[in-house]
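Here is the structure we will look at.
Ligands are counted one by one from 1 in listed order, and the atoms in each one are counted from 1 as well.
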Amino acid sequence: MAKDFLILGGESTLAKYFIQTYGEKCVALNKKKCDITNIKILEKVIKRTRAEYILNCAAITDIGYAEKNPKECFNVNSIAVWNLDILTRKYNKKLIHLSSDYAVNPTNVYGYSKLISERLINKSKNLIIRTSFYSNKYYIINSLVSGKVTNAYKNAFFNPVSINRLVGEIYKNRNKHGILNIFTEKKISKYSFATMAAKTFNIDRKLIQPVDLINVEEKANLPLNSFVPSDIKIQLDEDLLTFKKHLKPITS
Ligand SMILES: NC(=O)c1ccc[n+]([C@@H]2O[C@H](COP(=O)([O-])OP(=O)(O)OC[C@H]3O[C@@H](n4cnc5c(N)ncnc54)[C@H](OP(=O)(O)O)[C@@H]3O)[C@@H](O)[C@H]2O)c1
């Protein structure tokens with residue numbers, strides 16, 4: 001059966017959630033099967049696929065690693081995306097690329113690599129999803145559901161959306177082009193997010209330690225404010241409740 005989506009970075013957290021929901025419409029390739037920095041393989045894969053949409057989840061996402069390996073990070077997160085944009089247009093496919101809240105006012109290599117990817121994509125044809133998402137892999141959620149004490153920044157603000165809502169919105173908006181911001185509505189500190197999550201999951205709030213983010217020179221700079229106004233209205237309290245219903249371990 002022909003598949004609608006070809007997912008690159010097929011073993012990413014996002015790809016796994018996408019497949020959980022829309023598996024019958026997807027074919028996914030991991031880094032071994034398609035390293036997006038290998039242009040020959042990339043062209044072969046895109047030329048051969050019958051899928052209409054190429055969902056790019058492949059990326060260097062470890063911010064510390066990206067900072068120490070900028071060449072590799074720009075190669076994967078920016079240059080390969082440029083090639084993807086060119087190839088998807090050449091073979092009449094639609095690219096859906098994942099960018100980040102960190103791309104808006106970049107403070108580190110990862111953020112700059114995502115900003116460059118946004119600049120290199122042809123926005124009249126392809127779609128950039130700019131987001132910040134939480135899943136059961138996100139350290140705050142992961143610690144809380146495992147009953148572990150976790151630090152959460154009081155002075156760092158963002159507006160993340162649940163991975164399951166994000167997956168649904170990617171599917172729903174697959175025919176759009178340009179940049180689509182998918183976030184929850186309100187700016188919230190990481191500490192407040194953790195307390196809201198604890199309340200929703202009936203977990204003891206004492207597990208959350210409020211701390212200040214203090215950037216140090218030798219590490220990647222983390223933004224104190226990565227809030228991005230959302231193009232879609234999503235309330236965090238409702239989003240957390242829906243996430244709770246879907247909260248289940250992901251098989252690796
Ligand atoms: N997590 C978030 O909160 C967040 C927020 C905003 C945007 N995003 C974006 O959303 C996308 C998915 O994020 P995620 O957290 O689900 O990612 P993830 O779990 O960190 O997975 C990234 C995947 O990309 C693969 N990869 C790395 N280099 C590659 C290459 N050269 N060719 C092919 N695959 C390669 C990795 O494979 P290996 O592990 O084998 O290296 C890994 O499976 C990324 O673009 C990310 O920047 C994420």
task: Say whether N215 and N221, considering side chains only, have a donor N or O and an acceptor N or O under 3.5 Å apart.
output: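 Distance-only check passes for N215 and N221.
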
- request: Decide whether N173 and K176 meet the rule of one side-chain donor and one side-chain acceptor closer than 3.5 Å.
  value: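 Indeed, the side chains of N173 and K176 share at least one donor-acceptor pair under 3.5 Å.
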
task: Indicate, with yes or no, if V45 and I7 share a hydrophobic cluster defined by side-chain heavy-atom contacts under 4.5 Å among Ile, Leu, Val, Met, Phe, Trp and Tyr.
output: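 No, no single cluster joins them.
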
- prompt: Under 6.0 Å between the ring centres of Y110 and Y65?
  reply: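 When the ring centroids of Y110 and Y65 are compared, they turn out to be at least 6.0 Å apart.
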
query: With F5, which residues qualify under ring-ring contact (aromatic ring centres under 6.0 Å, His included), at least two apart?
result: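 F5: ring-ring contact (aromatic ring centres under 6.0 Å, His included) contacts with F18, Y53, Y171.
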
message: Using a 4.0 Å cut-off on heavy atoms, what residues surround ligand 1? Order them by chain and number.
response: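 Contacts of ligand 1 under 4.0 Å: E11, S12, T13, L14, K31, C34, D35, I36, T37, C57, A58, A59, T61, V76, L98, S99, S100, Y110, K114, T131, S132, F133.
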
task: Please state whether the rings of F243 and Y134 are parallel, tilted or perpendicular, taking 30° and 60° as the class boundaries.
output: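 It falls in the perpendicular class, over 60°.
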
